[in-house]
Amino acid sequence: MKRNTIISILVFVLVIAFCSVTLAAGHGEKQPMKKGILLVAFGSSMPEAQISFKNINKRVKTAFPGVPVRWAYTSHIIRHKLAKEGKKLDSTEMALSKMMDEGFTHVAIQSLHTIAGEEYHGLVQSAHAFGQMSGGFERILVGYPLLGKEDDLVKVTDVIIKNIPKDRKKKDAVVLMGHGTHHPGNAFYAAMMYHFQQKDPNIFVGTVEGAPTIDDIKAMLLKKKIKKAYLMPFMSVAGDHARNDMAGDEDDSWKVILKKAGIKCVPVLKGTAEYDEIVDIWVAHLKTVLAHF
C-alpha cells in the first residue's frame, strides 16, 4: 500500500474520531467542578498482563495527582471470566454511571487501545450518549488511542527500536504482533511498518485478526532469506494473544509457523505498556483532554 493512501485513510479515520471526542452537556444548575479520569482498556484475564495496567495506573496518578482514577474493560468476555474469579471490573457504561452517581462533573476518558478501531469508536459512542443525558456530566471528553497522530507513530517507532533485545543482529528480523481489525483503522499497522522500515528494513508488523497476516509476514521473511526472528507483541499487554497466538506451541502460533518455514524464533513477552515512554504517549493524550476542563 502506498504511503499517501495509508495516510489518507488515517486522516479520514482521525477526523471522524476528532469530531466525535469533544462532547459536552450542561443541564440544570451548575455544580462545583469535580474532575475524574476513566482509563479504558480492552482488558486481560491473565495475571502476567497486570504489570502493564499497573504501570499505566502508576504513571497516570503521578502525572495527575489529586484527580480520581477509575478503570473499565470493554471486553464482556474478559469481565465475565474475571467475575467468576471474584474480580469485578466495570464496563465503560457501568463505570460512567458510577461516576455520575458520585457527582463527577468533568470526566476525561483515556482510551488505552493501540489504534482508533472498532473498540475506540464504540468508546466514543458511549461517551457521546452519557454526554447527552439530562442532569449528567457537564463535560466528557475522550483522549486519542496510542496511535492518534502522525508524531505518535514516530515516537512509537523510536521507543520500540530502543527496546529490541540487545543481542539481536541486523540480519535478524523483528516481527511485531498487533491485534488487527476489519475496521478501517487497521491501516495504522501498515503505516507503522512503513515507519519502522524507514529506520530498519528488517522490522515487520503483522496482525492476528487483520492485515498484514502471518502468512504475509512469512513470505516477506523468506524473500529476504531471514533465518532468525524476534517476536514481540505490539499490544499493551503480553496476554493471551502474545503467549498463545504468538509464542505458543500449537500449530497455528506464529512461532511454530515460522519455525516450520526454517526461521528460528525468539519470543519477547513484554507488552508495550511496560515501556514507560509508550505509556507517556497515552498520558500526553490525557493531558490534552484535561487541558480543556
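- Within a 6.0 Å radius of NZ in K54, no more than 12 heavy atoms belonging to other residues, nucleotides or ligands are found.
- There is a side-chain donor-acceptor pair under 3.5 Å between E93 and S126.
- Checked by atom type, the side-chain pair N202/K171 shows no donor-acceptor distance below 3.5 Å.
- E150 and H195 are linked by a side-chain donor-acceptor pair at a separation below 3.5 angstrom, with hydrogens and angles left out of the test.
- Both tests pass for K34 against the ring of F104: distance under 6.0 Å to the centre and angle within 45° of the axis.
- Across all their heavy atoms, S45 and L82 have their closest contact at CA-CD2, 3.9 Å.
- If you check the side chains of D216 and T213, you find a donor sitting under 3.5 Å from an acceptor.
- Residues H113 and Y120 place their aromatic rings such that the two centres sit no closer than 6.0 Å.
- No hydrogens or angles considered: nothing links the side chains of E138 and T105 as a donor-acceptor pair under 3.5 Å.
- A donor atom on one side chain and an acceptor atom on the other are found under 3.5 Å apart for Y230 and D167.
- Residues passing the salt bridge (charged side-chain N to carboxylate O under 4.0 Å, His left out) test with D240, sequence neighbours excluded: none.
- Annotation: ring-ring contact (aromatic ring centres under 6.0 Å, His included) contacts of Y73 (sequence neighbours excluded): F53.
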